[in-house]
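In this text the structure is predicted, and so the values were computed from the model without any measurement. Throughout, protein chains are lettered first and strands after them, A, B, ... in sequence-line order, and every chain is numbered starting at 1.
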Amino acid sequence: MTTEIRTRYAPSPTGYLHVGGLRTALYNYLFAHGHGGKLLLRVEDTDRTRLVEGAVENFLDIFNWLGITFDESPKVGGPHAPYVQSERLSLYVAATKRLAEDGHAYPCFCSSERLDQVRAEQQAASKPPMYDRHCRELSKSDSFARIAAGEPHVWRMAVPVNEVVEIDDLIRGKVSFETATIDDQVLMKSDGFPTYHLANVVDDHDMRISHVIRGEEWLPSTPKHVLLYRFFGWEPPRFAHLPLLLNPDRSKMSKRSGDVAVEAYRDKGILPEALLNFVALLGWHPQDEREFFTLRELVKEFSLDRVNKAGAVFDQAKLKWMNTEYVARLSSEDIWNGVAPLLPESLLDEANSRVRYAVESLRPGAESYADLSGKVVEAFSVPDDKLDAWDDAQLALVGDVADALAALPAAQWNDFEALIASFKSAANVAGANRGLKGKGIWMTLRMAMTGREHGPELGRLIGMWGREGTLNRLHGAVAKRLSSESRA
RNA sequence: GGCGCGUUCGUCUAGGGGUCUAGGACGCUGGCCUCUCACGCCGGUAACACGGGUUCGAAUCCCGUACGCGCUACCA
């Protein structure tokens with residue numbers, strides 16, 4: 001029989017979700033769900049000095065936005081609750097006691113000053129900085145007397161002297177470590193909280209975690225964990241260490257260069273589907289050359305043996321491209337619902353059909369809702385006065401077109417396609433009468449109505465503006481030209 | 001310094017001894033389309049870190065070197 005696949009995402013509550021954490025959580029989700037297993041969220045808040053208020057709620061909130069769900073978590077509970085380490089202290093205490101009784105852990109009374117000094121000396125002698133095991137040889141009776149006397153202490157693991165610990169990583173294969181290079185890690189801190197090493201082993205076992213899928217930065221401490229499993233007599237889970245997400249300079253991705261918080265991408269207008277899709281492809285590749293996947297499809301396609309070993313640079317430009325693709329695939333309704341809240345009320349007050357037409361007309365190439373709303377606002381803006389170095393023919397052209405448009409039956413303004421055709425013929429007729437053609441016609445009208453030389457197709461713009469808005473722009477341009485002429 | 005991991009176009013990657021004069025995507029870039037910009041379409045640019053092996057044959061296997069990164073806390 002096969003045991004149930006259970007994975008976990010175990011962040012410390014530092015206040016925001018790192019995109020690397022997202023990738024880790026996503027792979028855990030994909031792996032678990034792809035095997036009919038479960039993913040759980042466990043909060044590793046054993047460092048009291050780094051607690052951030054509201055961090056857990058924030059995680060839940062952002063994962064909810066992403067559409068990643070946890071089968072067990074502090075929020076929904078589960079058979080192995082609580083899912084917050086600070087609420088599981090008695091477990092770690094019991095575990096430490098057990099290790100101490102078996103001689104696998106010992107109390108250490110060294111002050112942090114002494115530790116610092118030892119470390120400094122070792123580094124000065126360019127030797128590896130490791131605990132010198134000063135307290136390991138203390139007699140049990142001595143130690144217990146000092147503990148009873150209330151002397152501050154930590155508990156360290158007694159790492160075997162000359163052994164080789166081998167781990168069989170699902171992504172990297174066999175990796176081995178000599179115990180001589182492994183430090184006597186602190187398991188229990190003097191404040192009574194466990195370190196990550198102890199807590200994650202105790203909890204992963206207690207929560208029946210079958211696969212530990214985490215970042216590569218954990219690979220060097222994995223032998224410590226393996227040793228702990230052995231001390232406890234527990235079967236260790238399978239390990240899979242994911243390649244790191246990198247800055248453009250190939251260092252571990254950090255705040256230093258660009259955004260690392262998922263929240264930042266959300267605020268920037270990146271769609272959750274796009275972010276998930278993009279991040280999934282950082283370190284993993286499907287069997288074929290497809291690159292667009294829904295979460296569902298990812299669950300189906302994902303496998304650990306197609307995860308790469310080398311770190312991946314988080315390419316902002318490609319993310320932007322992918323988001324643009326996702327925006328392009330949105331339904332008219334979805335994109336309207338995304339953009340409308342970002343538009344000024346003055347626009348929404350108007351007949352929405354024209355604003356919707358603007359959204360539809362302007363969406364090709366839009367990178368996000370915010371980008372598109374900006375384009376809409378810009379399209380509706382009225383040109384300010386300036387330039388107008390037109391000759392008489394251009395002036396007359398603008399007047400002619402205004403007259404022609406004014407004469408259009410009202411219904412025409414509600415039929416955008418027909419309107420474009422009418423506008424084009426009006427412009428061409430006027431152009432022919434005034435001796436203008438091609439750009440002479442169009443750039444003149446464009447400058448008259450928008451005040452800029454670049455922008456959306458004119459025929460569409462007048463549809464967005466409607467009869468009144470269009471005629472106002474045309475008449476306004478003529479008036480401005482005439483007034484500047486009289487001034488001159 | 002020690003330990004560990006890694007190394008295919010600028011970036012994400014395909015590739016698992018011959019089908020590779022190394023494929024796709026982003027970026028960059030040339031052209032087309034066009035009232036302009038954008039979009040779209042067509043094309044181009046650019047990589048197997050290096051050195052030894054093994055083999056008839058290596059991007060693919062082995063060893064070494066270099067370089068990069070990670071870890072080296074009473075942080076995770």
- Does the gap between the ring centers of A:Phe278 and A:Phe314 come in under 6.0 Å? yes

- Hey, does the side chain of A:Thr195 come within less than 4.0 Å of B:C75's phosphate (OP1/OP2), counting only N and O? no

- Task: Would you mind telling me which of B:C26, B:C12, B:A76 lies closest to the side-chain atoms of A:Ser12?
- Result: B:A76

- Task: Kindly point out which of B:A25, B:G2, B:C75 is positioned nearest to the side chain of A:Glu291?
- Result: B:A25

- Message: In this structure, how many angstroms lie between the P atom of B:U72 and the CH2 atom of A:Trp218, rounded?
- Response: 8 Å

- How is A:Val154 classified with respect to the nucleic acid when contacts are heavy atoms under 4.0 Å: base, sugar-phosphate, or nothing? base

- Note on the structure: pair_partner(B:G40), Watson-Crick or wobble, both distances < 3.5 Å, evaluates to B:C32

- Between B:G17 and B:G57 - C1' atom distance, rounded Å: 7 Å

- Item | Of the listed nucleotides B:C12, B:C5, B:A76, the one nearest the side chain of A:Lys318 | B:C12

- By the Watson-Crick or G-U definition, both distances under 3.5 Å, B:G70 is matched with B:C3

- Item | Pairing nucleotide - B:G18, Watson-Crick or G-U, each distance under 3.5 Å | B:C56

- Message: Between the base of B:C35 and the side chain of A:Arg446, is one N or O donor paired with an acceptor at under 3.5 angstrom?
- Response: yes

- With the side chain of A:Glu289 defined as its heavy atoms from C-beta on, choose the nearest nucleotide among B:C26, B:G23, B:G2. B:G23

- Query: At under 4.0 Å between heavy atoms, what does A:Tyr196 touch on the DNA or RNA strands: base, sugar-phosphate, or nothing?
  - Reply: base

- Could you please name the option among B:G40, B:G6, B:C35 that lies closest to any side-chain atom of A:Glu457? B:C35

- Query: So what does A:Arg172 touch, heavy atoms closer than 4.0 Å: a base, only the sugar-phosphate, or nothing?
  - Reply: sugar-phosphate

- Note on the structure: Side-chain contact check for A:Asp315: nearest option of B:U11, B:C12, B:U36 is B:U11

- Mind checking A:Ser221 for me? I need base, sugar-phosphate or nothing, with any heavy atom below 4.0 Å counting as a touch. nothing

- Counting any heavy atom closer than 4.0 Å, what does A:Thr49 reach on the DNA or RNA strands: base, sugar-phosphate only, or nothing? nothing

- Query: To the side chain of A:Lys189, which of B:C26, B:C74, B:C71 is closest?
  - Reply: B:C74

- Query: So, A:Phe302 versus A:Tyr27, ring centres under 6.0 angstrom or not?
  - Reply: yes

- Item | is_close_aromatic(A:Tyr83, A:Phe70), centroid dist under 6.0 Å | no

- Message: Using the side-chain contact (heavy atoms from CB on, under 4.5 Å) definition, which of the options A:Leu245, A:Leu242, A:Leu244 pairs with A:Glu216?
- Response: A:Leu244

- A:Glu178 atom CD, neighbour heavy-atom count above 12 within 6.0 Å: no

- Message: Less than 4.0 angstrom between a side-chain N/O of A:Arg250 and OP1 or OP2 of B:C67, yes or no?
- Response: no

- Message: Suppose you measure atom P in B:A59 against the same atom in B:A47; what distance do you get, rounded to whole Å?
- Response: 15 Å

- Item | Option from A:Asp203, A:Asn28, A:Thr7, A:Ile209 for which side-chain contact (heavy atoms from CB on, under 4.5 Å) with A:Leu40 holds | A:Ile209

- Look at all strands and tell whether A:Leu281 reaches a base, only sugar-phosphate, or nothing, counting heavy atoms closer than 4.0 Å. sugar-phosphate

- Hey, is the side chain of A:Asn308 poking within less than 4.0 Å of OP1 or OP2 on B:A14, counting only N and O atoms? yes

- At under 4.0 Å between heavy atoms, what does A:Pro248 touch on the DNA or RNA strands: base, sugar-phosphate, or nothing? nothing

- Item | Under 3.5 Å donor-acceptor pair, A:Ser190 side-chain atoms to B:C74 base atoms | yes

- Tell me whether the OP1 or OP2 atom of B:C39 has a side-chain N or O from A:Arg363 closer than 4.0 Å. no

- What is the distance, rounded to the nearest whole Å, between atom CG of A:Leu276 and atom C1' of B:C12? 17 Å

- Sticking with atom P, work out how far B:C41 lies from B:C26, rounded to a whole angstrom. 10 Å

- Message: Using OP1 and OP2 only, check whether a side-chain N or O of A:Lys424 sits under 4.0 Å from B:C35.
- Response: no

- Touch class at under 4.0 angstrom, heavy-atom based, for A:Gly283 against every strand present: sugar-phosphate

- Message: Starting the side chain at C-beta, find the nucleotide from B:G2, B:U7, B:G4 nearest to A:Thr181.
- Response: B:G2

- Whole-Å C1' distance, B:C48 and B:A14: 12 Å

- Task: Assign A:Glu44 to base, sugar-phosphate, or nothing according to its heavy-atom contacts below 4.0 angstrom with the strands shown.
- Result: sugar-phosphate

- Separation of atom NE2 in A:His285 from atom C1' in B:G16, rounded to whole Å: 15 Å

- Query: How far does the C1' atom of B:C33 sit from the matching atom of B:C42, given to the nearest Å?
  - Reply: 11 Å

- Query: To the nearest angstrom, how far is A:Gln122 atom CD from B:G2 atom P?
  - Reply: 14 Å

- Can the ring centres of A:Tyr196 and A:His225 be said to be less than 6.0 Å apart? yes

- Item | Sugar-phosphate only, base, or nothing, as touched by A:Lys127 at under 4.0 Å among non-hydrogen atoms | nothing

- Message: Taking only the C1' atom of each, what is the distance from B:G70 to B:C74 in whole angstrom?
- Response: 22 Å

- Message: Strictly by Watson-Crick or wobble contacts shorter than 3.5 Å, is anything paired with B:G64, and which nucleotide is it?
- Response: B:C50

- Message: In terms of relative ring orientation, are A:His153 and A:Trp155 parallel, tilted or perpendicular, with 30° and 60° separating the classes?
- Response: perpendicular

- Task: For B:C50 versus B:C9, give the span between their P atoms, rounded off to a whole number of Å.
- Result: 10 Å

- Note on the structure: Considering only heavy side-chain atoms of A:Lys439, the closest of B:C3, B:C35, B:C71 is B:C35

- Message: Suppose we define a pair by two distances each less than 3.5 Å, Watson-Crick or G-U wobble; what does B:G10 pair with here?
- Response: B:C26

- Message: For a quick check of understanding: with a heavy-atom distance under 4.0 Å over all strands, which category does A:Arg460 fall into, base, sugar-phosphate or nothing?
- Response: nothing

- Message: Could you tell me how far apart A:Gln287 (CD) and B:G24 (C1') are, to the nearest whole angstrom?
- Response: 16 Å

- Query: A:His241 has an atom NE2; how far is it from atom P of B:C71, in whole Å?
  - Reply: 12 Å

- Task: Would you mind reading off the distance between A:Leu244 atom CG and B:C12 atom P, rounded to a whole angstrom?
- Result: 13 Å

- Item | Distance below 4.0 Å between A:Arg306 side-chain N/O and B:G15 OP1 or OP2 | yes

- Message: Let's see if you can work this out: which of B:A76, B:C74, B:G70 has an atom nearest to the side-chain heavy atoms of A:Arg119?
- Response: B:C74

- Message: Please give the distance between the C1' atoms of B:U54 and B:G18 as a whole number of Å.
- Response: 16 Å

- Message: What contact category does A:Pro223 fall into here, base, sugar-phosphate, or nothing, at under 4.0 angstrom with non-hydrogen atoms?
- Response: nothing

- From NE2 of A:His197 across to C1' of B:U72 the rounded distance in Å is 10 Å

- Message: Just to be sure I understand the rule, does A:Gly438 reach a base, reach only the sugar-phosphate, or reach nothing, if contact means heavy atoms closer than 4.0 Å?
- Response: nothing

- Hey, what's the ring geometry for A:Tyr326 with A:Phe292, parallel, tilted or perpendicular (30° and 60° as the breaks)? tilted

- Closest approach of A:Val154 and A:Ser190, non-hydrogen atoms and distance? CG1-N, 3.6 Å

